[in-house]
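The sequence lines fix the lettering, A, B, ..., with proteins before strands; numbering per chain opens at 1.
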Protein chains: 2
Amino acid sequence: MADVAARAGVSLSTASLAFSGNKPVSPATRERVLAAAASLGYAGPNPLASNLRRGRSGVVGIAVGRLSTAFRDPAALPMVDAVSDVLDAAGFGLLLMGDDAEHARLPLDAVIYDICGRETWTSYDDLVARDVPMVVVEGPAWPGTTLIDIDHRGGARALARHLHDLGHRRVATLMLEPSHPQREREAGLREVFPDAEVVGSCASDHDAAQAIVSDYLAAEPDVTAIVCQSDVQAAAVVVEARRRGLDVPGDLSVGGFDGITTPWLDLELTTVEQPLADKGRATAEAVLARIAGEPAHDVVLPVVLRVGGSTGPA
Amino acid sequence: MADVAARAGVSLSTASLAFSGNKPVSPATRERVLAAAASLGYAGPNPLASNLRRGRSGVVGIAVGRLSTAFRDPAALPMVDAVSDVLDAAGFGLLLMGDDAEHARLPLDAVIYDICGRETWTSYDDLVARDVPMVVVEGPAWPGTTLIDIDHRGGARALARHLHDLGHRRVATLMLEPSHPQREREAGLREVFPDAEVVGSCASDHDAAQAIVSDYLAAEPDVTAIVCQSDVQAAAVVVEARRRGLDVPGDLSVGGFDGITTPWLDLELTTVEQPLADKGRATAEAVLARIAGEPAHDVVLPVVLRVGGSTGPA
DNA sequence: CGTTTCGATCGAATCGTTTCGATGGTAGCC
DNA sequence: GGCTACCATCGAAACGATTCGATCGAAACG
């Protein structure tokens, strides 16, 4: 940049201003600097130096766990997409923190924890020590972190009431692995069905859900409805129930969660729709606020019950 | 770090060595430095400063397009997963470059282009000017980039031969959007079926594929097999064919590409299996080599035909 | 016992910007 | 015409580490 400044006949500081636009520079001067840069093949300020001086890298980490686990369920995508959109617009990039490992040497301006279900983070202490802002999606929130959540409990309760209204009395639930949101949802369900049976628990994965529910249905339980924790799980249950000759919703009602589309099913699931994109946007905005040093308040987003064709009278 | 050094009674340079481990430091001294750091709440070298001095950020960009597009097809995941694994192990992180936009200010040590199908990159010139190594997955390669590819043409040819062996003579193909790999695959198909009809083209998306093939089948074409460019497309074709009362593979054979599992189908697709994880590993290794300043050679990985239950005699 | 060797430690230079406060000149005002 | 404001520009001081070459002791050697 010194060379560019020299060639343009200005000082180093003026050249810097011409690139960053942080202070007014006369248009003529700016032109001259940019021309000099072009003729010297200078591609603009070195990001590494710029980062050091400004104390900011423009990189935000997002811990999602293993990709093929995190994104196996399509419901995860719109959320991260929204995060990415908002951050991009603000000039930040999103760095995947596969696991929660040693990313201590990477220049992170903030970290998003979107490991739904994980409750301990190896990197927490380190990030606190480095004063890196943290935003947690679907908590539990730790001290110093900002929490973005949805109304798990209310959603679960609404779906349970819907089933109760349809006359169901014996209801079972296929759970996710133990986690904060899962416990909230179970609580919501048990407000309506205190004695709901547990089918089992597994990740939001078609194969796993199908295997578990297959064993369960084989035992001929006398439940009339199964509440799942994701639409992927619910779709698997529908497929398996049919495979066993059960009619959905005639013989068995199935409820989901998330509100994504399941094009390979010929019915629309009854599900608790969560605002995935809003969740992502809220997360990104919290990140930006915290990076800017502003306070960020926790958020709990509402969910709505969307009644489809997978539930019917008991 | 100066404070830590002072408290430990060593020089700044020794303290740095104690943290980085680049040069031998006596164990006693290291202990003392780390203890001083702990007691002062110093979390280790500031990444931003470290980056500037070493001329490296530890961040590798990966351009995949919009997430919900890029990862809608599960076949994309194992590849990125493998990239992430290898880079993680080498201390690098993966930054998602949603689109191919202005990431000029971000500190990138290298960039991976995995936008299957995209042929122009806004950032190419800029990255060349900054001397950032680029690795392109499934081409076309531009000057200065390293190419990691699979044998699209051979795979397509193998599947076509398989159908020809089964007696099929009238074959149609559902294509991806125009792109380098798509052209290669079409060439492979036409080596066997020069007159293959085109069903249409769309992204690797269940809904889109189903809609297109639905129109096509409605016209009652007298083809006996449809070759798809991904297993997601193929699954959609199977679903739609059945919806229309066709038996697969009795009335219609369907071929896929990728070799992923489709648990919601009750048959295994006949498909061209590509080594997704190997592709990711090769990509990451090329990246690391180029970052280290070593030459990286282009790679073309083999594919294998995997015969399943979606193809049968004409 | 003198000399060589080697490992641990240190000082100082450097990485390439951004930004603060100061300076100089010009325009507007009375 | 003199005075104040203001804008564009500049010089110099950070930002916080890493690393090269030099120095200093002590161990090893003959």
Side-chain angles (χ1 to χ4, degrees), chain A residues 1-37 40-59 91 104-109 126 129-132 291 293, chain B residues 1-34 36-37 40-59 91 104-109 129-132 291 293:
Chain A
M1 186 152 149
D3 293 350
V4 172
R7 198 174 212 289
V10 298
S11 75
L12 179 55
S13 32
T14 301
S16 171
L17 296 179
F19 284 110
S20 69
N22 285 358
K23 282 269 171 81
V25 170
S26 81
T29 309
R30 171 188 270 89
E31 285 301 304
R32 213 145 21 94
V33 172
L34 297 184
L40 289 176
Y42 174 79
N46 177 326
L48 265 33
S50 171
N51 288 346
L52 170 59
R53 181 61 237 233
R54 307 187 324 184
R56 178 167 305 177
S57 68
V59 178
R105 300 194 64 106
L106 295 180
L108 301 178
D109 288 346
D126 190 60
R130 304 189 108 85
D131 211 31
V132 176
I291 288 179
Chain B
M1 185 149 148
D3 293 349
V4 172
R7 198 174 213 287
V10 298
S11 75
L12 178 55
S13 32
T14 301
S16 171
L17 296 179
F19 284 110
S20 70
N22 284 359
K23 280 269 172 79
V25 170
S26 82
T29 309
R30 170 187 271 88
E31 285 301 305
R32 212 142 24 91
V33 172
L34 296 184
L40 289 177
Y42 175 80
N46 177 324
L48 266 33
S50 170
N51 288 347
L52 171 58
R53 181 63 237 232
R54 308 188 322 183
R56 179 167 304 178
S57 67
V59 178
R105 301 194 63 108
L106 295 180
L108 301 178
D109 288 346
R130 305 190 108 85
D131 211 31
V132 176
I291 289 179

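Distance, B/Asp3 CG to D/dG16 C1': 12 Å, rounded to whole Å. One atom, CG of A/Asn51, and another, C1' of D/dA14, lie 16 Å apart when rounded to the nearest Å. B/Met1 places its CE atom 6 Å from the P atom of D/dA17, with the value rounded to the nearest Å. Atom C1' of nucleotide D/dA14 and atom CG of B/Asn46 are separated by 14 Å, given to the nearest angstrom. Going from atom CZ of A/Phe19 over to atom C1' of C/dG16 covers 13 Å, rounded to whole Å. A straight line from CG of A/Leu106 to P of D/dA17 spans 16 Å, rounded to a whole angstrom.
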Every protein N/O within reach of nucleotides 19-25 of chain C N/O, cut-off under 3.5 Å:
| residue | atom | partner | partner atom | Å |
| --- | --- | --- | --- | --- |
| C/dT19 | OP2 | A/Asn22 | ND2 | 2.5 |

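Put simply, B/Ser50 has no side-chain N or O that comes within less than 4.0 Å of OP1 or OP2 on D/dA17. When the side-chain nitrogen and oxygen atoms of B/Tyr42 are compared with OP1 and OP2 of D/dG16, none of them lie within a distance under 4.0 Å.
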- [ ] Using a 3.5 Å limit on both pairing distances, list the dot-bracket string of DNA chain D from the 5' end; Watson-Crick and G-U wobble pairs count, crossing pairs take [ ], interstrand pairs take |.
- [x] ||||||||||||||||||||||||||||||

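Across all non-hydrogen atoms, the minimal contact from A/Phe19 to A/Gly44 is CE2-CA, 4.3 Å. The heavy-atom pair separating A/Pro47 from B/Arg130 by the smallest distance is CD-NH2, 3.7 Å.
For the residue pair B/Asn51/B/Ser57, the side-chain donor-acceptor check at 3.5 Å is not satisfied.
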